[in-house]
Amino acid sequence: MPSSRTGRPPVQRAVRRPSAPRPARDNPVLRLYTRARKAWDRPLTAYYVIFGGSLLITVLGLVMVYSASQITALQMSLPGSFFFRKQFLAASIGAVLLLVASRMPVKLHRALAYPMLAGAVFMMALVQVPGIGMAVNGNQNWISLGGSFQIQPSEFGKLALVLWGADLLARKQDRKLLAQWKHMLVPLVPVAFMLLGLIMLGGDMGTAIILTAILFGLLWLAGAPTRLFVGVLSVAAAIGFVLIKTSPNRMARLACIGATEPKSGAADCWQAVHGIYALASGGIFGSGLGASVEKWGQLPEAHTDFIFAVTGEELGLAGTLSVLALFAALGYAGIRVAGRTEDPFVRYAAGGVTTWITAQAVINIGAVLGLLPIAGVPLPLFSYGGSALLPTMFAIGLLIAFARDDPAARAALAMRQPRFGRKRGAGGSPVKREPRRWNTMRRRASAARSSGER
């Protein structure tokens, strides 16, 4: 070993190893986004979103119906909770229908398609029989059940068209007939036009628009060619133009879009303008539950078609955005159910229900905001009206049943174990539980890390 000038052996310096790269700082926003995306991709997410979202909308709707209808009930010399009690009764019956529909197999839903369509057509025809049908707000679309109870058969016509149309298109797809335009249109379009004719005999343009949206949603899901789709849309638009042009009431509603004064020319835009007043006076967090001013006789139909305006006045922008978020989540979950299934009936039915609820919510909220003409349709699951609530809750039960029927969701539900108690065997002895799959995978991952594997 060579010596240095001082006679001392040279000092050997340790070889520097390259420093390990510093771990990147954890972005909390990115971490939250990743967790949310993983949670959304779970098999039961759509099931929980549909069930929880519809439950929250219904409960909040009951609260707002009670708040918005008190003054109207007192003005009619009725108890303040009159409309709330009727809505609560309808919600209770609807909850039973929802649970029954969510537990029914898909085959039974398909078996109900034709009887439900026949019943809806029969009831919608009864509306036009003198002495049976009755008019409400100028629309001859109601049947009196005695006392203060009425039923609107056209609301059940929406559900009938969804089930029957989905079953029809699914059977034609199984036979590979949808490639021919005549099989795609017939008899779906003629039956839909028959229902539209029965509705328009009573003058209910709003329900006719929703039924048309369901028809186009089914055609879109069936893969209608662009030319065919545009052709049917053009015919429907031409018929709608004629119906609007020949009705002074509908022309007046059309003239109230964007109105800022109660009277705009020959049209009386009182309801549209006071709906904007209610939203504008709510601010960020509202004036408080029950503290609305517009419901004191200034805003017509405060607990039905314009309940969203009262919600904006009492709960503010935060309340209205919460309602919009719930409807957006419900619609997206319905699209997910329709997009992930391999059963054509489930795809068409889920898409039809999602189109129905989404289109009706957009039309109602758009009218309250002054962006669309007032069509007279309620906000689904939210506005007062048992005739609209019952078929809508049954349709939500359909979506829940379809979300449970997904293979991945069925497997996830089968792996769930009872929270309380233990399963008993044939002799009464407790059954030994198997470890959860995710827990076993976590142990394997921990073992792999401890052994030095990457």
Side-chain angles (χ1 to χ4, degrees), residues 33-59 94-113 159 162-163 165-167 169-170 173-174 217-218 221-222 325-358 380-381 391-421 423 431 433-442:
Y33 171 76
T34 304
R35 289 182 178 179
R37 188 170 182 177
K38 288 181 179 179
W40 183 254
D41 288 336
R42 292 177 181 175
L44 291 175
T45 299
Y47 166 73
Y48 289 130
V49 169
I50 294 171
F51 182 78
S54 59
L55 179 63
L56 288 175
I57 294 173
T58 306
V59 172
V96 175
L97 293 178
L98 186 148
L99 293 176
V100 170
S102 65
R103 294 292 179 174
M104 288 169 56
V106 175
K107 291 183 179 180
L108 186 54
H109 285 302
R110 298 188 68 168
L112 289 176
L159 180 61
V162 168
L163 286 177
D167 178 69
L169 293 175
Q173 180 174 333
D174 292 339
L218 291 174
L221 291 169
L326 288 173
F327 276 110
L330 188 61
Y332 192 81
I335 293 174
R336 170 173 167 161
V337 171
R340 291 197 172 189
T341 183
E342 297 181 358
D343 189 339
F345 172 78
V346 173
R347 180 169 63 254
Y348 295 135
V353 170
T354 305
T355 303
W356 162 16
I357 295 177
T358 305
L381 302 172
T392 305
M393 294 192 74
F394 188 90
I396 294 296
L398 281 178
L399 289 180
I400 294 175
F402 297 155
R404 290 171 56 94
D405 194 60
D406 182 75
R410 286 203 306 265
L413 289 172
M415 291 177 63
R416 293 197 311 182
Q417 296 181 359
R419 188 179 298 273
F420 301 104
K423 293 183 178 180
V431 179
R433 293 185 176 183
E434 295 293 334
R436 294 181 183 268
R437 185 177 179 182
W438 65 269
N439 204 9
T440 306
M441 294 176 66
R442 186 175 63 178

- Pairwise side-chain contact, Leu221 with Thr355, heavy-atom cut-off 4.5 Å (strictly under): no

- Under a 4.5 Å cut-off applied to non-hydrogen side-chain atoms, are Phe402 and Thr341 in contact? no

Taking atom [atom1] of [X] and atom [atom2] of [Y], what is their separation to the nearest 0.5 Å?
| X | Y | atom1 | atom2 | value |
| --- | --- | --- | --- | --- |
| Met104 | Ile400 | CE | CD1 | 13.5 Å |
| Thr392 | Leu398 | OG1 | CG | 11.5 Å |
| Ile50 | Leu399 | CD1 | CG | 4.5 Å |

Residue pair [X] / [Y]: nearest heavy atoms and the distance that separates them:
| X | Y | result |
| --- | --- | --- |
| Leu326 | Gly53 | CD2-CA, 4.4 Å |
| Met393 | Leu381 | CG-CD2, 3.8 Å |
| Leu97 | Phe394 | O-CD1, 3.9 Å |
| Pro380 | Ile57 | O-CG2, 3.9 Å |
| Thr354 | Thr358 | O-OG1, 2.7 Å |
| Ala401 | Ser102 | CB-O, 3.5 Å |

For residues 345-353, which side-chain N or O atoms pair as donor and acceptor with protein atoms under 3.5 Å away, sequence neighbours left out?
unit_1: Arg347; atom_1: NH2; unit_2: Gln173; atom_2: OE1; d: 3.2
unit_1: Tyr348; atom_1: OH; unit_2: Gln173; atom_2: OE1; d: 2.5

Please tabulate, one pair per line, all N/O donor-acceptor pairs under 3.5 Å involving side-chain atoms of residues 327-340, not counting sequence neighbours.
unit_1: Arg336; atom_1: NH1; unit_2: Trp40; atom_2: O; d: 2.1
unit_1: Arg336; atom_1: NH2; unit_2: Trp40; atom_2: O; d: 3.4
unit_1: Arg336; atom_1: NH2; unit_2: Arg42; atom_2: O; d: 2.6

- Message: Enumerate the salt bridge (Lys or Arg N to Asp or Glu O under 4.0 Å) contacts for residues 399-414, please, sequence neighbours excluded, ordered by first and then second residue.
- Response: Asp405-Arg410

